[in-house]
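See below for the structure under consideration.
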Amino acid sequence: MNVRVRFFARFRELLGTDILAAPAEGTVLADQIREIARKNSEGYAAIFDDQGDFREFVIVMRNGKRIETTDAGTTTLVDGDEIAIFPPVAGG
Amino acid sequence: MLSERERERYKRQILLFGEDGQARLRDAHIFIAGAGGLGSPISIYLAVAGVGTITIVDMDTVDQTNLNRQILHTDRDIGKKKTVSALSRLREYNPDITINAIDTTISPENVRQLVGRADGIVDAMDNYPIRYLLNRVALDLGIPFFHGAIRGFYGQATTILPGETPCLECVFPKAPPREVFPVVGVTAGMIGTVQATEVVKYLTKSGRLLAGRLFTWDGLLATAEEIAIIQNPACRACGHGPDGKGSGERPV
């Protein structure tokens, strides 16, 4: 199956912009993102903590719907999914 | 009815949304939370557009490090309260409107009184706790909340319409860590102008708002994108979460 992963803002600088992945059936969302993020240690550390969990402020969206980062480890990807990984910005 | 002076002053935009639209701007009261990087372009553009009453709140003093982006304030304002320079600059831009510049820290205790009977709240804050507070006040009052935030070359904006769109906490339930954020003035200009555009559109009933759409700006790539956002039924603020407003099942 094919899924599309879009990183935004600083995550994009570190990991690239628009990534097409072909995960095996049954792959969970968090594992797929970890696999992509491993190519850049700074990018990985920006998104995941030392335990490999999503940092709590990271926004994960699947097909436009935000999913709780705590659920990303049990969310199975399906063909055509579009995942957005987004760091909210705070400045004004 | 507009005066002759108003017809002349706003001639070029009356061509866009008519005298009715201009009258709606004049009769509106917009609350701007912050007179910093975002608050500067937002307040300047709303003032020159002829928004009749602008309340702008900030508790800070102008510092030299503000001047790369906070274009309400200039070198000679260093050390002055931001409300003083904001009031004087906005009056220069448009002496025909009412400007309330209030020197205080927005808090749960004073926020309702500060917002008063405003027709909309514009987010020009630099932290999420106060954004969450303003988001909830907008939900309570049923008025729009024009969100914007920036960091570096990146920015985001969305327009929250209570009962119709996701609220700020639906999309950003956890605040990113506080930091001295890097930023270049043009990013504040870009996102602040998007927010001000949304206010003008909302008041004049023009175009299609950023409702249910998160606008993202990547200045390094010069790309603007949008992410569709939907309401979270379990949202703590507008859904069925612990202190939600119970509107989470309403269709978006």
Side-chain angles (χ1 to χ4, degrees), chain A residues 3-20 29-30 33 37 40 42-51 53-75 78 80-92, chain B residues 33-40 42 69-70 123-131 147-156 166 168 170-183 187-188 191-192 212-214 216-221 223 225-232 234-235:
Chain A
V3 300
R4 186 173 172 222
V5 178
R6 297 164 78 199
F7 292 104
F8 285 83
R10 196 162 55 91
F11 296 167
R12 175 179 288 168
E13 273 181 73
L14 299 166
L15 295 167
T17 173
D18 207 349
I19 294 161
L20 290 171
L29 194 157
I33 304 305
N40 178 306
E42 202 185 336
Y44 186 91
I47 297 174
F48 297 103
D49 65 17
D50 294 344
Q51 278 74 49
D53 295 325
F54 277 103
R55 294 189 183 279
E56 65 170 13
F57 58 86
V58 172
I59 304 299
V60 178
M61 292 204 189
R62 180 198 200 187
N63 305 323
K65 185 178 181 188
R66 190 179 64 75
I67 63 170
E68 297 295 337
T69 51
T70 48
D71 295 338
T74 53
T75 302
V78 299
D81 269 353
E82 184 170 308
I83 309 300
I85 310 290
F86 192 87
V89 294
Chain B
L38 291 173
S40 290
I42 293 165
R69 64 197 184 281
Q70 302 188 11
D123 169 11
M125 281 283 118
D126 61 358
N127 69 86
Y128 273 81
I130 301 298
R131 285 190 170 100
H147 164 69
I150 53 174
R151 184 185 193 279
F153 283 94
Y154 306 118
Q156 63 188 38
L168 192 69
C170 288
V171 188
F172 302 111
K174 297 267 169 48
R178 291 201 81 144
E179 60 171 347
V180 176
F181 64 97
V183 66
T187 307
I191 295 299
R213 301 188 287 146
L214 180 70
T216 70
W217 169 244
D218 181 332
L220 286 178
L221 288 183
T223 51
E225 292 163 88
E226 70 174 65
I227 303 175
I229 49 174
I230 60 175
Q231 208 165 20
N232 173 13
C235 176

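Quick note on labels: first sequence line is chain A, next is B, and so on, each numbered from 1. All figures in this text were calculated on a predicted structure; none of them were measured in a lab.
Both the backbone and the side chain of B:F172 come within contact range of chain A, judged by heavy atoms closer than 4.5 Å. Of the atoms belonging to B:D218, it is side-chain heavy atoms, and not backbone ones, that fall under 4.5 Å from chain A. Interface remark: B:S40 contributes no atoms to any contact with chain A (heavy atom separation under 4.5 Å). Heavy-atom distances place the side chain of B:L214, and not its backbone, under 4.5 Å from chain A. Contact of A:R55 with chain B is not made at all, since no heavy-atom distance falls under 4.5 Å.
The minimum heavy-atom distance between B:Q156 and A:F86, with the atom names listed, is OE1-CE2, 3.2 Å. The heavy-atom pair separating A:V89 from B:I150 by the smallest distance is CG2-N, 3.7 Å. Here the shortest heavy-atom pairing between B:I227 and A:F8 reads CD1-CZ, 3.7 Å. Of all non-hydrogen atoms in A:I59 and B:V171, the two that sit nearest each other are CD1-O, 3.2 Å. Between B:E225 and A:R12, the shortest heavy-atom contact is OE2-NH2, 2.7 Å.
With chain B as partner, the option from A:P88, A:P87, A:A84 having the largest number of non-hydrogen pairs under 4.5 angstrom is A:P88. Your options are B:P176, B:P182, B:A188, B:A228, and the one with the most heavy-atom pairs under 4.5 Å with chain A is B:P176.
Side chain of B:R131 to backbone of A:A90: a donor-acceptor contact under 3.5 angstrom is found.
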CA sep, side-chain torsions, deciding dist, call: B:N232, A:E68, side chain to side chain contact (heavy atoms under 4.5 Å, CB included): CA-CA 10 Å; B:N232 173 13; A:E68 297 295 337; 4.2 Å; yes

Evaluation steps, side chain to side chain contact (heavy atoms under 4.5 Å, CB included), between A:E13 and B:F153: CA-CA 11 Å; A:E13 273 181 73; B:F153 283 94; over 6 Å; no

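More than 12 heavy atoms of other shown residues, nucleotides or ligands fall within 6.0 angstrom of atom CD in A:E82.
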